[in-house]
Number of protein chains: 2
Amino acid sequence: MVYNVHHRYSESTMTSSERRPDTGGLVWFDEPAPPRATEQLSRERIVAAAMELADDQVPGEITMRALAARLGVRSPMALYRYVGSKDGLVDLMTDQVYGQITVPRGDGWRAALQGLGRTSWEAVQRHLWFARLAFSRPPMGPNALHLYDAALAELEPLGLDAATRMGFVKTVLGHVLGSGLALLEEHTMRARVGLHSDSDLHAAVAPYLERIAAAGEHPHFIGWATDPQRLAPEPQSFEQVLEWLLDGLATLLPPEDRSPA
Amino acid sequence: MVYNVHHRYSESTMTSSERRPDTGGLVWFDEPAPPRATEQLSRERIVAAAMELADDQVPGEITMRALAARLGVRSPMALYRYVGSKDGLVDLMTDQVYGQITVPRGDGWRAALQGLGRTSWEAVQRHLWFARLAFSRPPMGPNALHLYDAALAELEPLGLDAATRMGFVKTVLGHVLGSGLALLEEHTMRARVGLHSDSDLHAAVAPYLERIAAAGEHPHFIGWATDPQRLAPEPQSFEQVLEWLLDGLATLLPPEDRSPA
DNA sequence: TAGCGGTGGTGTACGTTGTACACCATGAGT
DNA sequence: ACTCATGGTGTACAACGTACACCACCGCTA
C-alpha cells in the first residue's frame, strides 16, 4: 500500500469484480451482501480480524496475505470478494475506530470538545495505527461523519462561521492524532531495538551518544540524554495541552460563551 | 520501505558492503569517502536529487529506481555504494531539512521557540514530505541534534527539569509536524482527484455528499460541507495555535520568567 | 431427480518494490 | 606493465497488492 498511492477515487471504481457493485472508492455505501449460510468470511469478520492483526504488532502494518492466513483462508484473493481493495479495507478499519469515539451532548461546546479529545485519545491508545491511518485519508466513513456531525452540532449555538466551526473540531483532533503519531513512533522504535524496557532503549543509542559527548558537541542535548529525570512525566501531558488549546479557542468567543472551566 | 519496517538498528549493520564500513544504521558517522576524480555520483548529489524528486510529486514518495534514473545512472544499485539503504538515505534527507530550521539565540525562551516554530513551519511547507518522515524516525542526525541543542540551550536559564525542558521543544515541533501532515494529506487528496482547484475537489465528493444529504443524515456536517464560507481562512491558523501553546507553556513558569509578548 | 448458474475460495501470475551478489571497466600505484 | 581497489551494470529474489481463470458446491427449476 505504501501510504495509499493506489487509492485514487477515479480508478478504484473498477477494481472490484462486477458481481458486487463497487462504489467508486467510497466503500461505505455497499449494502450487506445477500448472505449464504455457509460462508466462512464476511466483511465484518475481515475488518475485525484486520484490526486485531494490526493491534498485534507495533507498527500496525498488515498484509493481505497475513490477514488471509489469520482468517484461515488459503488465498488472499478470497478477501477481495468482500473489500474491493486493501485501501478500502483500511478505510473500514479506520471508520471502525471513529465509532469508538463519542461526543458528550448538551453540556456545551467545551465539554463536547473535551469529551471528544478524551475518548479519541483513548481510542488512539487502543489502536495506535489509527493515528497514522486517520492522518492519511479524509474522514468520510459513516462513523466519522456521525462524529463530526455531533461535534459541529454542539458548536452550533456559538454562531461561528463554517470555517471556524470546523477549525474548532480539527484543532482538537489534530492534537489527538499528532500525539498518537508520536506515541506510535516511540513504540515502533522500541520494537525495532530488540526489547522494550527503557534501559534497553537507552543502551541501544548509548554508543552513538557517547561518541558525540566525547567530541564535546551538543552539550545541552547530551545533558538531557544523560539526565535520569528525562523520563519523568512531563507537565505538558496530552490533557494539559488539550486544555491550553481549549483555552485558546475560548478566546475566539464572546466572553459570555466561554464556559467557566 | 513502507513506514520503514526494514530499518532495524540491529540488522542494518550488515546491509552495506564491507568495503565502506557501515555504522549500524546510524548513518551520520561516515566520513566522506576518499574521492576519485571521475565519480559521477556522491552522497551529496544523491541526497540533493532525492529531495528534488520528493518535492516534485505530492506524496513525496521516492523509489530507488526513479532516483537512479534522475541521476543518469542505469542501475539503482549504484546508489548503494553511497547510502547503505533507502532508509539511511531518507534519514539523510530528513536531517537536511532539519538543517534549514534555526533557533534565535539570546532573546529568551519565547523568542527561541517562536522562531523554531516559524522556521520549521516554513521548512515543512517547502518540503511537505518532511512532516511524514520526521514523525517516523528519531531526530538523531547532526542537524537535528544541533537544533535540539540550540533550543534546549535557550531553555536552560529557566531551570526546568529535563523532561519539561524537552517537553517544551516537543510541544512546538509536534504542532509543526502535525500541521504539516494535515497539509500534506490535503495536497495528496487533491493530487488523487484529478486536478487541483477547490471546485474540482468539491465536485469529486459532491455525489457522495448529496446521497447523504438526500437521506437527511448528518445535517450539521452537510451544513458545513455546503457552506461556501467553509474555505475561508480560519482564526485557528498555525501561528495562532502556536501562540496558544506558548501561552500554555508560559503558565508552567514562575511569573517573572514569562516574557511579555 | 437431473441439470444449471451464481457464489465463494483456490492457484497462478504479473508488475513494482528494496536490495543481495557477481561481474567488469577503468584509472592509480607499484 | 601488472595489480587492484573503485564504482557502475545486470541479474535475481522475496514480498507486496491484485488481476484472472478455475472449480467445488449449494439452491434452484424442469
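Letters go in sequence order (proteins before strands), and every chain restarts at 1. The basis for the numbers below is simple: all heavy atoms, side chains too, and nothing from hydrogens, waters or symmetry mates.
- Taking atom OH of residue Y80(B) and atom P of nucleotide dC23(C), one finds them 21 Å apart after rounding to whole Å.
- Atom CE of M64(B) and atom P of dA12(D) are 21 Å apart (whole Å).
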Given the rule in the ring pair (Phe, Tyr, Trp, His ring centres under 6.0 Å) test, do F238(B) and H175(B) qualify, once you have shown the distances and angles that lead to the verdict? CA-CA 8 Å; F238(B) 169 84; H175(B) 173 48; 4.6 Å; yes

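- Contact of R65(B) with dG18(C) (side chain to base): a donor-acceptor pair of N or O atoms is detected under 3.5 Å.
- Interface remark: the R74(B) side chain does not form any donor-acceptor pair with the dG10(D) base, using a distance-only criterion of under 3.5 Å.
- Look at CG on L89(A): it is 12 Å from C1' on dG17(D), rounded to the nearest Å.
- Nucleotide dG17(D) holds its P atom 14 Å from the CD1 atom of I46(A), rounded to whole Å.
- Map M77(B) and M77(A) each onto its nearest nucleotide of DNA chain D; the residue landing nearer the 5' end is M77(B).
- Residue I62(B) is in sugar-phosphate contact alone, with no base atom involved, counting any heavy-atom pair closer than 4.0 Å across all strands shown.
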Chi angles and distances behind the side chain to side chain contact (heavy atoms under 4.5 Å, CB included) call for W129(A), M51(A): CA-CA 9 Å; W129(A) 42 268; M51(A) 294 179 68; 4.0 Å; yes

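- Put simply, CZ on R81(B) is 19 Å from P on dG18(C), counting in whole angstrom units.
- For the OP1/OP2 pair of dG8(D) and a distance below 4.0 Å, the side-chain nitrogens and oxygens of Y82(B) include at least one atom meeting the criterion.
- Taken from OG1 in T188(A) to CG in L183(A), the straight-line distance is 9.5 Å, to the nearest 0.5 Å.
- Distance check: E186(B) CD to L128(B) CG gives 10.0 Å after rounding to the nearest 0.5 Å.
- dG8(C) atom C1' lies 15 Å from atom CZ of R43(A), rounded to whole Å.
- Atom-to-atom, CG of L79(A) to P of dC16(D) comes out at 14 Å; the value is rounded to the nearest Å.
- Distance from the side chain of Q40(B) is smallest for dG8(D) among the nucleotides dG8(D), dA21(D), dG17(D).
- Two residues, P76(B) and G72(A), neighbour DNA chain C, and the one matched to the more 5' nucleotide by heavy-atom proximity is G72(A).
- Look at CG on L71(A): it is 14 Å from C1' on dG8(C), rounded to the nearest Å.
- Positionally, the nearest nucleotide of DNA chain C for V73(A) lies more toward the 5' end than for the other of V73(A) and T63(B).
- When only modelled atom types and interatomic distance are considered, Q100(A) and H127(A) share a side-chain donor-acceptor pair under 3.5 Å.
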